[in-house]
Amino acid sequence: MQSSTLSRAFFDREVVSVAQGLIGTVLLVDGVGGVIVETEAYDRDDPASHSFVGPTARNAPMFGPPGHAYVYRSYGVHWCLNGVSRPGSAVLIRALEPTAGIDAMKLRRSVSDLRLLCSGPGRLCQALGVSAAHNGLALDRAPFRIEAGGTTDVAAGPRIGITRAAEVPWRFGLAGSPYLSRPLR
DNA sequence: CCTGTGATCGTCT
DNA sequence: GACGATCACAGGT
């Protein structure tokens with residue numbers, strides 16, 4: 001029996017609900033990945049969001065159809081993966097609990113500690129091999145796969161690494177998971 | 001455990 | 001020309 005995968009309709013909802021709902025699902029890229037344990041929501045009218053300034057070349061996927069990937073480069077070094085929700089909104093995937101393709105992830109990251117494999121948006125993209133080549137691709141077909149999971153233990157807190165709207169509690173995580181990029185009290 | 005800092009480059013001013 | 005939705009490492013507590 002195959003696990004059900006998330007449909008486009010899942011992403012065509014209010015972005016905060018999507019961010020919360022992604023916690024506990026399984027994200028795979030070419031079969032490599034794990035359980036999503038940390039996300040952040042970014043909205044169209046959100047000063048911290050890349051979409052706040054309106055459509056640009058970089059944020060174009062955020063204004064495209066729901067259920068697609070928005071991948072951007074962070075600090076000139078790292079890649080970060082988002083799932084696009086309604087126009088101008090997206091969910092940043094911040095951390096996974098590694099479960100599939102662990103050897104491949106260790107090789108890509110040159111790290112053996114499971115807790116350091118996918119605990120951060122840049123780290124998980126490196127572990128899963130996500131790059132600009134994935135920008136704009138649909139999340140419900142290869143190489144992506146997101147399997148429905150679900151959890152009831154979602155905690156919230158302020159988002160990380162932003163300066164504007166820093167107090168908005170749109171960071172979500174699996175409470176107590178050792179795979180969070182940072183504790184979520 | 002915690003804080004500070006350099007790396008590095010695309011994007012927008 | 002400035003600034004990041006980050007990471008790794010160094011050093012002090």
Side-chain angles (χ1 to χ4, degrees), chain A residues 11 14-23 27 29 33-34 36-64 66 68-98 105-136 139 154-174 176-185:
Chain A
F11 289 93
E14 194 210 347
V15 67
V16 169
S17 298
V18 177
Q20 292 169 324
L22 280 173
I23 303 297
L27 168 65
V29 178
I36 295 178
V37 297
E38 183 180 341
T39 61
E40 281 178 0
Y42 288 88
D43 201 14
R44 174 69 180 82
D45 298 309
D46 171 6
S49 174
H50 289 173
S51 61
F52 187 65
V53 296
T56 66
R58 175 175 68 153
N59 66 25
M62 289 188 76
F63 291 93
H68 286 238
Y70 166 45
V71 180
Y72 69 91
R73 210 200 253 296
S74 175
Y75 293 88
V77 187
H78 311 285
W79 297 107
C80 292
L81 171 66
N82 291 254
V84 174
S85 182
R86 287 175 172 169
S89 66
V91 177
L92 173 65
I93 311 300
R94 288 194 54 91
L96 309 181
E97 172 182 342
M105 292 193 279
K106 286 181 175 176
L107 282 173
R108 286 172 176 153
R109 292 266 304 126
S110 299
V111 162
S112 57
D113 188 339
L114 272 193
R115 292 165 302 181
L116 296 178
L117 270 190
C118 301
S119 298
R123 289 166 173 172
L124 81 85
C125 281
Q126 184 180 28
L128 273 57
V130 171
S131 71
H134 298 82
N135 193 32
L139 294 173
V154 180
R159 295 172 292 184
I160 293 179
I162 57 173
T163 55
R164 295 172 296 182
E167 73 290 350
V168 177
W170 281 358
R171 174 177 179 238
F172 303 100
L174 192 54
S177 169
Y179 299 99
L180 297 173
S181 65
R182 294 188 53 178
L184 230 178
R185 87 180 148 94

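Only a predicted model underlies this, so the values are computations on that prediction, with no experimental measurement involved. Protein chains get the first letters and strands the later ones, always in sequence-line order, with residue 1 at the start of each.
Side-chain proximity of A:Arg58 to B:dT11, B:dG10, B:dA7: nearest is B:dT11.
The closest side-chain heavy-atom distance from A:Tyr42 to A:Val15 is not below 4.5 Å. Using a 4.5 Å heavy-atom cutoff, the side chains of A:Arg94 and A:Pro121 are in contact. A:Leu128 is listed as a side-chain neighbour of A:Cys118, based on a closest heavy-atom distance under 4.5 Å. Put simply, the side chain of A:Phe172 does not reach to within 4.5 Å of the side chain of A:Val91, judged on heavy atoms. Contact check for A:Tyr70 versus A:Arg58: side-chain heavy atoms found under the 4.5 Å cut-off. You'll find the side chain of A:Asp46 stays beyond 4.5 Å of the side chain of A:Val168, heavy atoms only. The shortest side-chain heavy-atom distance between A:Trp79 and A:His134 does not fall under the 4.5 Å cut-off.
One interatomic measurement links the two molecules: CH2 of A:Trp79 to C1' of B:dT11, which rounds to 13 Å at whole-angstrom precision. At whole-Å resolution of the value, CZ in A:Arg73 and C1' in B:dC12 are 17 Å apart. Between the C1' atom of B:dT11 and the NE2 atom of A:His50 lies a distance of 10 Å, rounded to the nearest Å. If you measure from atom CG of A:Asn135 to atom P of B:dT11, you get 10 Å, rounded to the nearest angstrom.
Across all strands shown, B:dT8 remains unpaired; no Watson-Crick or G-U wobble contact has both distances below 3.5 Å. Partner assigned to C:dA5 is none, using Watson-Crick or G-U wobble distances below 3.5 angstrom.
Counting 5' to 3', DNA chain C first comes under 4.0 angstrom of a heavy atom of chain A and last does so at the ends given by C:dG4 to C:dA8.
For A:Thr56, no side-chain nitrogen or oxygen approaches OP1 or OP2 of B:dT11 to under 4.0 Å.
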Legend entry - side chain to side chain donor-acceptor pair (under 3.5 Å) between A:Ser181 and A:Glu38, intermediate numbers included: CA-CA 8 Å; A:Ser181 65; A:Glu38 183 180 341; 2.7 Å; yes
Inset, instruction - Would you check, one step at a time, whether the test side chain to side chain donor-acceptor pair (under 3.5 Å) holds for A:Gln126 with A:Arg108? - result: CA-CA 7 Å; A:Gln126 184 180 28; A:Arg108 286 172 176 153; over 6 Å; no
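Considering every non-hydrogen atom in both A:Ser89 and A:Asp43, the closest pair reads CB-OD1, 3.6 Å.
For the segment residues 159-173 of chain A, residues with any heavy atom less than 4.0 angstrom from an atom of DNA chain C are, sorted by number, A:Ile160, A:Gly161, A:Ile162. Contact check of residues 86-96 of chain A against DNA chain C (heavy atom, cut-off under 4.0 Å) returns A:Leu92, A:Arg94.
Within 6.0 Å of CZ on A:Arg86 lie more than 12 heavy atoms contributed by other residues, nucleotides or ligands.
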